[in-house]
Amino acid sequence: QVQLVESGGGLVQAGGSLRLSCAASGFIFNMYYMYWARQAPGKEREFVAAISGDGGNTYYADSVKGRFTISRDNSEKTVYLQMNSLKPEDTAVYYCAAAIGYSRNVGAYNHWGQGTQVTVSS
């Protein structure tokens with residue numbers, strides 16, 4: 001069965017960095033766009049970043065552009081999110097997701113991980 005397992009979340013001070021990882025199994029990894037989405041308390045889940053199956057195309061929400069970097073290692077079936085210059089407003093549960101195509105609509109994603117908490121203190 002499909003599994004997406006995130007790791008790397010935690011508590012960090014504003015201006016700090018974290019690297020999230022998501023290990024995938026149960027599907028043909030390099031055929032899927034991989035996504036990071038997040039959900040803050042009281043808010044809807046939102047698109048953060050996406051990467052194409054071959055890693056050649058990346059996409060970012062305006063709120064994280066220039067600070068976050070998505071990457072993938074198809075040999076390890078893992079996708080990463082490097083988060084730099086973190087802000088308190090980045091505090092959220094971060095989710096890894098997979099979909100055949102590209103969309104910024106999180107409702108279109110086929111598979112989801114369980115999420116990892118990121119907390120940025122001011």
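Just so you know, residue 1 is the first one in the sequence shown, and it goes up from there.
Looking at Glu6, its side chain does come within 3.5 Å of a backbone N or O of Cys96 through a donor-acceptor pair. Between the side chain of Arg72 and the main chain of Phe29, a donor-acceptor pair closer than 3.5 Å is present. Of the possible donor and acceptor atoms, one in the side chain of Arg67 sits under 3.5 Å from a partner among the backbone N and O of Ser85. A side-chain donor-acceptor contact under 3.5 Å links Arg104 to the backbone of Tyr60.
Ser103 and Asn105 get closest at one heavy-atom pair: OG-N, 2.9 Å. For Gly26 against Val2, the heavy-atom pair with the smallest separation is O-CG2, 3.7 Å. Pairing each heavy atom of Pro88 with each of Ser122, the nearest pair is CG-CB, 3.8 Å. Contact detail for Val12 and Gly16: the closest heavy-atom pair is CG2-CA, 3.8 Å. Between Ala98 and Tyr32, the shortest heavy-atom distance links the atoms CB-CD2, 3.9 Å. Between Asn74 and Asn30, the closest heavy-atom pair is ND2-CB, 3.4 Å.
Contact check for Arg38 versus Ser63: side-chain heavy atoms found under the 4.5 Å cut-off. No side-chain heavy atom of Met83 sits under 4.5 Å from any side-chain heavy atom of Val48. Annotation: side chain of Ile100 is not in contact with side chain of Tyr33 (no heavy-atom distance under 4.5 Å).
Under the 4.5 Å side-chain heavy-atom criterion for Ile, Leu, Val, Met, Phe, Trp and Tyr, Tyr94 and Ile51 are members of the same hydrophobic cluster. In the hydrophobic clustering of ILVMFWY residues, with side-chain heavy atoms under 4.5 Å counting as a link, Phe68 and Met34 come out together. Hydrophobic clustering (side-chain heavy atoms under 4.5 Å, transitive across Ile, Leu, Val, Met, Phe, Trp, Tyr) keeps Tyr109 apart from Val64. Linking Ile, Leu, Val, Met, Phe, Trp and Tyr residues whenever their side-chain heavy atoms come within less than 4.5 Å leaves Val106 and Leu4 in two separate clusters. Hydrophobic clustering, with ILVMFWY side chains joined whenever heavy atoms are under 4.5 angstrom apart, keeps Trp112 apart from Val118.
In summary, of the residues considered (Leu20, Val5, Val93, Leu81), a side chain to side chain contact (heavy atoms under 4.5 Å, CB included) with Thr116 occurs for Leu20 alone. If you run ring-ring contact (aromatic ring centres under 6.0 Å, His included) between Tyr59 and each of Trp36, Tyr35, Tyr102, only Tyr102 comes through.
To the nearest 0.5 Å, atom NZ of residue Lys77 and atom CD of residue Gln3 are 12.0 Å apart. Atom CG of Leu86 sits about 10.5 Å away from atom OG1 of Thr119, to the nearest 0.5 Å. Note that CG of Asn57 and CD1 of Ile70 are 11.5 Å apart. Values are rounded to the nearest 0.5 Å. Taking OG1 from Thr91 and CD from Gln117, the interatomic distance works out to 7.0 Å, rounded to the nearest 0.5 Å. Atom OH of residue Tyr95 and atom SG of residue Cys22 lie 13.0 Å apart, to the nearest 0.5 angstrom.
Stacking of Arg19 on the aromatic ring of Tyr80 is recorded, both the 6.0 Å distance cut-off and the 45° axial limit being met.
For Asp90 and Lys87, the salt-bridge test fails: no basic side-chain N is under 4.0 Å from an acidic carboxylate O.
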